[in-house]
Amino acid sequence: MPLDCDVFKLFDTHCHLDLPELAAAQALHWQQAQQAGVAALVIPAVQQSAWQNLLDLQKQQPHWHIALGIHPWWAAKHSPDALAALDKLVTAHSSAIVAVGEIGLDFALDEATFAIQQQLFTAQLALAKQHNKPVILHHRKSQPQLLAELKRQQFSAGGILHAFSGSQQQAMAFIDLGFKLGIGGTITYERAEKTRNTVRKLPLDSFVLETDAPAMPLAGFQGGVNTPAQLALVFDVFCQLRPESREQIAAALWQNSLKVLRLSAA
Ligand SMILES: [Zn+2]
């Protein structure tokens with residue numbers, strides 16, 4: 001466990017604390033995360049059936065922020081009333097919902113799902129635009145298509161490009177549209193040289209941290225369940241790649257998280 005007593009406040013901007021792998025011991029995971037320096041997190045929804053639970057969780061724990069949306073993996077089976085229901089909840093709970101997410105396009109899935117994914121992403125992005133909410137974007141083999149839709153809709157509310165991996169050039173296209181890059185366990189793998197280089201080279205205000213727990217275990221933890229406490233290890237590796245002091249980095253990442261999610265405090 002990373003219990004090195006850093007005084008830094010870390011923000012896990014992507015943690016699925018509501019999924020079964022973590023929900024069974026949710027309080028324990030939060031306690032361990034706090035001991036590791038995690039002072040706030042975002043729980044993005046993956047499907048409609050999660051939304052009410054997330055609204056309830058957010059009420060119980062002020063340091064847990066929520067995003068509502070439908071993840072592309074669940075796009076093919078979303079119900080016809082989902083968008084109207086999302087619109088209603090974002091209207092009714094606008095201050096509790098920091099973003100629309102997790103939404104996006106996953107072109108590693110079966111090609112038969114592409115049309116419905118695209119249709120759902122387009123609609124959810126339009127909904128976020130209408131409510132002036134940032135978005136949390138899932139991408140796999142889909143960065144050009146996501147960019148094209150963001151530009152087509154002239155989407156200007158920004159958000160987080162979750163689980164960023166890629167070159168500086170790919171990163172800049174999203175940063176120019178008001179996005180932060182969500183940096184997680186990927187950088188703990190030395191073979192991820194392109195992404196590690198992007199972390200080295202871009203300005204510090206380009207980034208936020210995330211675990212994507214229970215998914216994306218860090219190097220050395222493959223096959224295990226990822227947890228939000230592991231954010232401290234992502235932070236350690238991030239600091240190794242940067243020239244600034246740990247204090248400066250922690251403060252900047254915290255501010256970046258607040259800014260992109262439009263929180264005055266977390
Ligand atoms: Zn996710």
Side-chain angles (χ1 to χ4, degrees), residues 10-24 26 29-30 33 38 40-51 53-55 57-58 64-78 82 86 97-109 113 117 120-121 124-125 127-128 133-143 145-146 158-166 174 179-189 192 195 207-218 221-222 224-231 233-234 253 256-257 260-261:
L10 302 176
F11 202 132
D12 187 350
T13 62
H14 200 112
C15 174
H16 296 285
L17 208 51
D18 61 324
L19 294 187
E21 296 92 325
L22 297 177
Q26 206 168 51
H29 289 305
W30 175 235
V38 179
L41 49 81
V42 175
I43 313 174
V46 296
Q47 58 176 327
Q48 187 177 1
S49 61
W51 296 347
N53 179 38
L54 287 185
L55 285 163
L57 284 179
Q58 195 277 331
W64 296 355
H65 304 281
I66 61 168
L68 298 194
I70 299 170
H71 189 294
W73 294 359
W74 283 266
K77 56 177 187 180
H78 79 277
L86 184 58
I97 298 166
V98 294
V100 172
E102 173 173 359
I103 66 173
L105 296 170
D106 193 322
F107 292 155
L109 297 182
T113 67
Q117 282 194 54
L120 185 63
F121 172 64
Q124 292 188 102
L125 190 68
L127 191 151
K133 289 283 181 194
V135 290
I136 295 177
L137 290 186
H138 173 100
H139 64 96
R140 253 196 321 172
K141 304 184 175 182
S142 61
Q143 288 185 8
Q145 292 85 353
L146 290 173
I160 297 171
L161 184 62
H162 154 58
F164 176 76
S165 64
F174 285 91
F179 281 76
K180 303 289 183 201
L181 311 177
I183 303 295
T186 300
I187 61 165
T188 65
Y189 292 85
T195 307
F207 305 106
V208 295
L209 296 186
E210 58 171 55
T211 59
D212 199 21
M216 291 187 70
L218 275 52
F221 297 88
Q222 294 95 321
V225 171
N226 196 12
T227 67
Q230 296 286 75
L231 195 70
L233 298 181
V234 176
L253 293 173
N256 296 348
S257 308
V260 71
L261 299 167

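Everything quoted here is computed from the prediction, not taken from an experiment. Note that ligands are numbered from 1 as they come in the structure, with each ligand's atoms numbered from 1 the same way.
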His162 N/O/S atom closer than 2.8 Å to the Zn ion (ligand 1): no

Identified side chain to side chain contact (heavy atoms under 4.5 Å, CB included) counterpart of Leu261 within the set Val208, Val98, Asn256: Val98

Residue from Gln117, Glu102, His16 passing side-chain hydrogen bond (donor to acceptor under 3.5 Å, both in side chains) with His71: Glu102

Nearest-0.5 Å distance, CD1 of residue Ile70 to CZ of residue Phe121: 13.5 Å

Metal site the Zn ion (ligand 1): N/O/S of His16 inside 2.8 Å: yes

Closest approach to the Zn ion (ligand 1) by Glu102, given as the N, O or S atom name: OE1

Flag, side chain of Thr195 to backbone of Ser165, donor-acceptor distance under 3.5 Å: no

